[in-house]
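Letters go in sequence order (proteins before strands), and every chain restarts at 1.
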Amino acid sequence: MRWPINYAFSSLSIHRLRHLIRQCSRHHSSPDLATKLHALLITTGLLAFRDTFLGNALLHLYAARGSFTYAHQLFDEIPNSHKDAADWTALMGCFALHGIPQNGLRLFVEMRREGVRVDDVALVCVYKTCALLGNVEFGKGSHGFLEKIGLSSSVKVCNAVMDMYVKCRLLSEAKRVFENMDERSVVSWTVILDGEVSLGSVGSGRMVFDVMPEKNEVAWTIMLVGYIANGFTRDGFSLLVEMVFGCGLELNYVTLSSTLSACALSGDLMMGRWVHVYALKTMEKKVDIMVETALLDMYAKCGRVDTARKVFDNLSIKNVVAWNAMLSGLAMHGRGKAVLDLFLHMVKETKPDDLTFTSLLSACSHSGLVKEGQYYFYNLELLYGIRPKIEHYACMVDLLGRAGHLAEAEVLIRKMPMPPNEVVLGSLLGSCSIHGKLELGERVIKELIQLDPHNTEYHILLSNMYALEGKRDQANCLRHVLKNKGIRKAPGISSIYVKGQVHQFCAGDKFHPLITEVYAMLDEMIRRLRLVGYVPNTASQVFHGCDTTGKNNTYDEVEEIEQALFSHSEKLALCFGLLTTRAGSPLYIFKNLRICIDCHSAMKIASTVYNREIVVRDRNRFHCFKQGSCSCSDYW
DNA sequence: ATAGGGTTAG
């Protein structure tokens, strides 16, 4: 749109200008243009003519394309008598778009106070805002209000209400609204599909998918992402084939990037690669920046950090999101030095944001770069104008704690301008466990239980600390507390991709079709590992039976603990990989929890004994085992 | 007199 500015300058009629502004709102013109037009209106004095609705038009332009600060300013400049529902809604939507929905809700309250007539579009916007905030209170109390203003049967309003319930994880409430609707659109069905897939199960989602009277690419994407994110590769792939080759649907950038995120989540490299090829074929060198970044992220989270780097190096434009994705990928892989190095390149081209520093600090933490981490943390505000958020404090507590500076970590927590959350305290507890600081650990867990009473991990950490100190009574006691509360440890599950098929194992698995062979391999592996010095780490484990008589684990108990250690899901996945893949090829294993100490040392030795590169992604990061050592340098 | 604001995949 190069012509409008000149056109406007040559013909300053209000009519033309208003038309011009509307054109700008509609077309995806640059935010810059809004600024130029605004300046033009001020310098010509035209903005003073309130009756012409120029201000309103400009408000809509800024709300749609520009910054919310200016939109807000313009909104305030227009007298309330000249504002109608559309103006209020525009600003509310603008707040939602810019991640400050709480302002939107405040605006709605003000709008009601001003006595502006609320219509369906305004309500859709309010429910969207509630969905973003996870605030269901407003919606719950609004049914009477909807009836009163005659909007209780508006399909669009009902869709927004259902979406709010789904986003607030109240599927049954959403379904209740759905049942009561006289008329349902494709969006109504899609919202329920989304709810069923993300809150119910993929299977029940599929039932909705199959009975939908009409489905568009949104529904297909929801179903596809549901399959991939939950590890149902085969079902996901056949759906994709049906979508592309059966229905002839083209995958747009949203479908591509959300599919890639799902691949990253479940570690589905095969599907990720398919999407990469598809994107290259259909987009002819002009792959969308969002898709490219999602590709980068997918490769990094599937353990291919070097491929991720190649994608990154080939990016035509590198925005802050792309830089952050690359930094966090390297950080996850424990490449602390590479992160610091890349950051220095980044600041020459792009202004870093808060996420950049979360990656940077976590990289320092994972690599034990205490000095460097402290330098960036203490200069965040001074050099980069970023006020430290709780995430940054959490990284620093982790960094200091892991390095053994527990007192310093605790001082930092007490000095934080916000109360510590479970991430901060959890990482302090983790450090207590590494460094055997039992007294501090006991204090920290008391605070943690207040914050998150149902978390099992903290109890287990402390219980293992007691066990290490030989305090078996306390350790058992803690486990009994958990048992009595009916809290169970989340089961450890490891998966491994072999020949395009995902294989899942749980601890002590009995269900895998090749489980007999896997256990035979496990016996053989343990024997070979012992020969080169592997000693099962039984000290940190507590016998799970109810015996509280002896001070130390008896011989039989030790044996039982050993067996439990050996059948950890990651060891089973490893043995399956060793059995079914070519000698010397690398193995990629994904675990839903953190890898345990014993498995970590077993993997190191196995990487030498079997001459394999073993990459394990746990809940926090990657461990790349090669020739007897791990990329994390045992610092995790 | 008048357009403008909005719901489902990220």
Side-chain angles (χ1 to χ4, degrees), chain A residues 14-15 18-26 51-64 71 74-75 78 82-97 104 107-108 111 116 118-132 151 154-167 174 177-178 184-198 205 208-209 212 214-226 228-229 243 249 251-262 264-265 288 290-291 293-294 297 321:
Chain A
I14 287 164
H15 176 81
R18 209 167 62 203
H19 177 75
L20 169 64
I21 294 168
R22 255 181 248 142
Q23 290 284 311
C24 293
S25 301
R26 260 199 291 275
D51 289 351
T52 62
F53 292 93
L54 269 182
N56 301 57
L58 206 57
L59 162 68
H60 289 271
L61 175 61
Y62 270 112
L74 277 161
F75 182 85
I78 304 169
H82 286 66
K83 283 182 227 162
D84 62 10
D87 300 319
W88 290 86
T89 311
L91 192 61
M92 244 194 301
C94 185
F95 285 148
L97 202 70
L107 200 67
F108 182 70
M111 174 181 177
V116 181
V118 176
D119 63 7
D120 53 344
V121 184
L123 276 173
V124 165
C125 201
V126 171
Y127 286 116
K128 162 105 182 162
T129 302
C130 291
L132 286 169
L151 289 172
S154 153
V155 175
K156 286 170 186 180
V157 172
C158 288
N159 292 344
V161 171
M162 287 193 292
D163 186 51
M164 176 191 69
Y165 281 132
V166 168
K167 297 282 150 65
V177 177
F178 185 78
R184 303 177 183 107
S185 70
V186 63
V187 178
S188 322
W189 281 94
T190 312
V191 172
I192 290 299
L193 171 69
D194 183 34
E196 205 60 71
V197 169
S198 53
V208 174
F209 186 76
M212 285 172 75
E214 181 198 343
K215 38 187 170 261
N216 56 21
E217 73 238 278
V218 181
W220 283 89
T221 305
I222 292 169
M223 200 62 241
L224 182 62
V225 165
I228 300 172
M243 184 178 178
L249 286 166
L251 309 183
N252 64 22
Y253 78 99
V254 181
T255 301
L256 290 175
S257 50
S258 51
T259 304
L260 286 167
S261 312
L265 187 73
D288 181 272
M290 299 246 278
V291 176
T293 309
D297 189 54
V321 184

Between Ile228(A) and Thr259(A), is there a side-chain heavy-atom distance shorter than 4.5 Å?
yes
Atom pairs and distances, side-chain donor-acceptor, residues 217-226 of chain A, under 3.5 Å, sequence neighbours left out:
{"unit_1": "Glu217(A)", "atom_1": "OE1", "unit_2": "Asn252(A)", "atom_2": "ND2", "d": "3.4"}
{"unit_1": "Thr221(A)", "atom_1": "OG1", "unit_2": "Glu217(A)", "atom_2": "O", "d": "2.6"}
{"unit_1": "Thr221(A)", "atom_1": "OG1", "unit_2": "Thr255(A)", "atom_2": "OG1", "d": "3.0"}

Provide, to the nearest angstrom, the distance between the CD atom belonging to Glu214(A) and the C1' atom belonging to dT8(B).
12 Å
Report which part of the nucleic acid Val254(A) touches: base, sugar-phosphate, or nothing (heavy-atom distance under 4.0 Å, all strands).
base
Could you tell me the separation between the CG atom of Asp119(A) and the C1' atom of dT7(B), rounded to a whole number of Å?
14 Å
Of the options dT8(B), dG4(B), dG6(B), whose atoms approach the side-chain atoms of Asp87(A) most closely?
dG4(B)
Partner of Trp88(A) by ring pair (Phe, Tyr, Trp, His ring centres under 6.0 Å), out of Phe108(A), Phe75(A), Phe95(A):
Phe75(A)
So, does Lys167(A) get its side chain near the phosphate of dG10(B), meaning an N or O under 4.0 Å from OP1 or OP2?
no
Nearest to the side chain of Asn252(A), which nucleotide is it out of dA9(B), dT7(B), dG4(B)?
dA9(B)
Can you measure from SG (Cys158(A)) to CZ (Arg184(A)) and round to the nearest 0.5 angstrom?
10.0 Å
Over how many whole Å does the gap from Leu59(A) atom CG to dG4(B) atom P extend?
14 Å
Could you state the atom-to-atom distance from CG of Leu265(A) to P of dG10(B) in whole Å?
12 Å
If you look at every strand shown and take non-hydrogen atoms under 4.0 Å, does Thr89(A) touch a base, only sugar-phosphate, or nothing?
base
Does any donor-acceptor pair link the side chain of Ser258(A) with the base of dA9(B) at a separation under 3.5 Å?
no
Per Ile222(A) side chain, nearest of listed nucleotides dG4(B), dA9(B), dG10(B)
dA9(B)
When you compare the side chain of Leu59(A) with that of Asp87(A), does any pair of heavy atoms fall below 4.5 Å?
yes
I want to check something: taking the side chain as every heavy atom from C-beta on, are Asp163(A) and Lys128(A) in contact at a cut-off of under 4.5 Å?
no
So, does the side chain of Asp84(A) form a donor-acceptor pair with the base of dG5(B) at under 3.5 Å?
no
Closest listed nucleotide, where the reference is the side chain of Val121(A) and the choices are dG6(B), dG4(B), dA9(B):
dG6(B)
Just call it for Met92(A): base, sugar-phosphate, or nothing, with non-hydrogen atoms closer than 4.0 Å on any strand.
nothing
Determine the contact category for Ala85(A): base if any of its heavy atoms lies under 4.0 Å from a base atom, sugar-phosphate if only primed atoms, P, OP1 or OP2 are that close, otherwise nothing.
base
Separation of dT8(B) atom P from Tyr165(A) atom OH, nearest Å, is 17 Å
Min side-chain heavy-atom separation Met290(A)-Val321(A) under 4.5 Å
no
So what does Lys215(A) hit on the nucleic acid, given a heavy-atom distance under 4.0 Å: a base, only sugar-phosphate, or nothing?
nothing
Select one nucleotide: of dG10(B), dG4(B), dA9(B), the one nearest the side-chain heavy atoms of Ser261(A).
dG10(B)
Interface with DNA chain B, restricted to residues 122-132 of chain A and to heavy atoms under 4.0 Å:
Ala122(A), Val124(A), Lys128(A)
Just how far, in rounded Å, is P of dG5(B) from CG of Leu74(A)?
15 Å
To the nearest angstrom, how far is Leu91(A) atom CG from dG6(B) atom P?
12 Å
In a table with atom names and distances, give each donor-acceptor pair under 3.5 Å that connects a side chain of residues 186-194 of chain A to protein atoms at least two apart or in another chain.
{"unit_1": "Ser188(A)", "atom_1": "OG", "unit_2": "Asn159(A)", "atom_2": "OD1", "d": "2.7"}
{"unit_1": "Ser188(A)", "atom_1": "OG", "unit_2": "Ser185(A)", "atom_2": "N", "d": "2.9"}
{"unit_1": "Ser188(A)", "atom_1": "OG", "unit_2": "Ser185(A)", "atom_2": "O", "d": "3.3"}
{"unit_1": "Ser188(A)", "atom_1": "OG", "unit_2": "Ser185(A)", "atom_2": "OG", "d": "3.3"}
{"unit_1": "Thr190(A)", "atom_1": "OG1", "unit_2": "Val186(A)", "atom_2": "O", "d": "2.5"}

Quick check for you: among dG10(B), dG4(B), dT7(B), whose closest atom lies nearest to any side-chain atom of Lys156(A)?
dT7(B)
Among the nucleotides dG5(B), dT7(B), dG10(B), which one has an atom lying closest to any side-chain atom of Asp163(A)?
dT7(B)
Rounded to the nearest 0.5 Å, how far does CG of Leu123(A) lie from CG of Leu151(A)?
6.0 Å
What contact category does Ser257(A) fall into here, base, sugar-phosphate, or nothing, at under 4.0 angstrom with non-hydrogen atoms?
nothing
Quick one: Leu58(A) CG to dA3(B) C1', roughly how many Å, whole number?
14 Å
